[in-house]
Amino acid sequence: MSSAIRTEHLSKIYPGSASRTPALADLTLDVPAGRVFGVIGRNGAGKTTFVRIAATQLELTSGRAEVLGYDVMTQARDVRVRIACVPQESRPLYFLNVEEVVYLYLKLRGLDHAEARRRTTEALDELSLTEYRRRPVQRLSGGLRRRTLCAMVLASDADVLFLDEPTTGLDPIARRQVWDAIRRATKEQRTILLTTHYLDEAEALSARLALFERGRLALSGTPEDLRARVRYPFRVTIQGAYSAEELTSYGRLTPIEGGALVFAREPEARELARRALERGQRVSMGPVTLEDIFLEVVGRAIDEETPPAEAEA
Amino acid sequence: MSERNRLRSIGTLVRINGIVPIRTQPFYLVSIIAQPLSFLFFIWIVSRGADLAYGLMGGMVLTMLSVGTGLQSDLTHYRHDMKFQDVVIASPVEAPIYIAGMALSELVYSLPALAVFVALFVYYGYATVSSVAILTGVLLLVWSFGSAFAFTLSTYFQDIRETWAFSPIFSLVLTVLPPVYYPISYLPAWAQIAARFSPTTYAAELVQGAVGLQPLTPTTAEIDWIVLVAFAAALFLIAAFKARWRDP
Ligand SMILES: Nc1ncnc2c1ncn2[C@@H]1O[C@H](COP(=O)(O)OP(=O)(O)O)[C@@H](O)[C@H]1O
Ligand SMILES: [Mg+2]
């Protein structure tokens, strides 16, 4: 499989950052072509820095980064004709209507009228935006604005799309709409680099994932790869009374409301579940979630802010 | 991008930033016409009609400069509040195409003001082949270096509000202090020297000379052109090498 984005020892130190703490440190990463690649990490982990370097919007400090084999620093022009990006917190120009946002973006990229029209109609339809097509962006909800921006890049002829936190700040229904849009877009053989701090989103959409923590790559691979990398790939939840001593012998015990959560390897997990069922307890068992993996690797939850002093590490 | 696609991009930018916003908010046109016309009115009243021609020539130069001021705040706004510049960078559209398209789109807003000035210009009998040629050349130069400078500045501003602080300073330094609205001979000697540092002084000297408001020797005219072109070239070079398209 060829790669869409590849970095080698990529580092970024923002000019004037007082502590000279790298926003990205020695990042070596391979994003295969033709799939959704999810970059996850807490606020400040370096996701946007990575996206902006790969999308040729930001200079790198050291190392290399390539998109479709072209160097982002020395061959930026070759990269730029092949990519499209929805930057973090970007907003469509408010005086345009939904259709104009998509159509004029395509014209701006150099497509002719007929082609731009055709792609616009198709994308609006795919993203269920047709009924809003004449509505000014100013009068759209946040979810529809994001969907419009996604429609804009999905309609383009770019091979690599960057979506930087496309669903942050949206309500659950709007998030699902954006997910659907991304899913439908992946039918084609294009690469989508998606960043998010919603783990369910990353898992639902991505064929492969990379977990960033403080500018470093903490883990990467398919969701299965990530599971295989943790010590205990299974989770067993038991409702009711339990003996801490007994459960600890199966794996790692975390007390929860009204019972216990045990992380264990597969045989122990099965054994534990069987025993608990025999005792007539309510049991559920399954592979660990991304959330669990994140906690184990990073040592804290994804929505916990890094205290500024600690971020210096 | 092919030449044809470049033209298409420029046309699209004119449509995005020049035509659609005016369609949705026609008052943009009124606001942009208000300043140069109110200067003209003021000069006309105070001089009891005598210096109307100065107001006219100055108004045209000011209108072309205001394209730069408008461009600079639009570019800053698009860059920071919409992240539109990032959207454009990650596309086949190159920086010079973006600037050209945006600078042209700002020109659309100035068309009504220019139309009024041109009508008066013709009505008062100033239009000759040479005056029209000189005027066109000067205004194009002012527009182009103003736009190049505006782009450079916009890539350094962190917030749209910074541009509000700078705009009046620029219009003071470029249009009120230099002899755009009156002959340079009105200025005291020290101010004449100071005015020589502003490119608009040379622009004004040329347009005032073109309609016979001021005597202009061929040598002076030549120097004026050279200085104006040099200013434009310098501002283009600064834009090419110092403006931040990709962030550092
Ligand atoms: N323009 C900037 N100047 C200085 N530091 C920055 C800048 N942008 C981001 N940073 C810092 O770089 C680190 C990574 O930020 P970012 O890439 O935005 O993370 P994420 O997108 O994962 O939230 C953070 O510590 C942030 O404070
Ligand atoms: Mg970010």
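Lettering follows sequence order; numbering is per chain, from 1.
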field: Under 4.5 Å from a heavy atom of chain A, the part of Y78(B) involved
entry: side chain

query: Pick from D247(B), I89(B), N5(B): which one has the most heavy-atom pairs with chain A under 4.5 Å?
result: D247(B)

message: Any non-hydrogen side-chain atom of P87(A) less than 4.5 Å from a side-chain atom of V87(B)?
response: yes

query: Taking all atoms of both residues into account, what is the closest heavy-atom pair of P21(B) and F95(A), and its distance?
result: CG-CE1, 3.6 Å

query: Given a strict heavy-atom distance threshold of 4.5 Å, which part of R23(B) is in contact with chain A: side chain, backbone, both, or neither?
result: side chain

query: Do any of residues 45-58 of chain A come closer than 4.5 Å to chain B, heavy atom to heavy atom, and if so which ones, in number order?
result: R52(A), A55(A), T56(A), Q57(A), L58(A)

- prompt: In terms of heavy-atom proximity below 4.5 Å to chain A, should H80(B) be classed as side chain, backbone, both, or neither?
  reply: neither

statement: All heavy atoms of T12(B) vs all of K107(A), minimum pair found to be OG1-CB, 3.4 Å

query: Using non-hydrogen atoms only, which part of T24(B) is less than 4.5 Å away from chain A: side chain, backbone, both, or neither?
result: side chain

query: Tell me, side chain or backbone of V93(B) under 4.5 Å from chain A's heavy atoms, or both, or neither?
result: side chain

message: What part of R6(B) gets within 4.5 angstrom of chain A, counting heavy atoms only: side chain, backbone, both, or neither?
response: side chain

message: Check E89(A) with K83(B), please: is the shortest side-chain N to carboxylate O separation under 4.0 Å?
response: no

- request: Using modelled atom types only, decide if a donor and an acceptor are shared between the side chain of R8(B) and the backbone of G110(A) within a distance under 3.5 Å.
  value: yes

statement: What one should report as the nearest heavy-atom pair of L108(A) and M1(B) is O-CE, 3.6 Å

query: Side chain, backbone, both or neither: which part of E94(B) has a non-hydrogen atom closer than 4.5 Å to chain A?
result: side chain

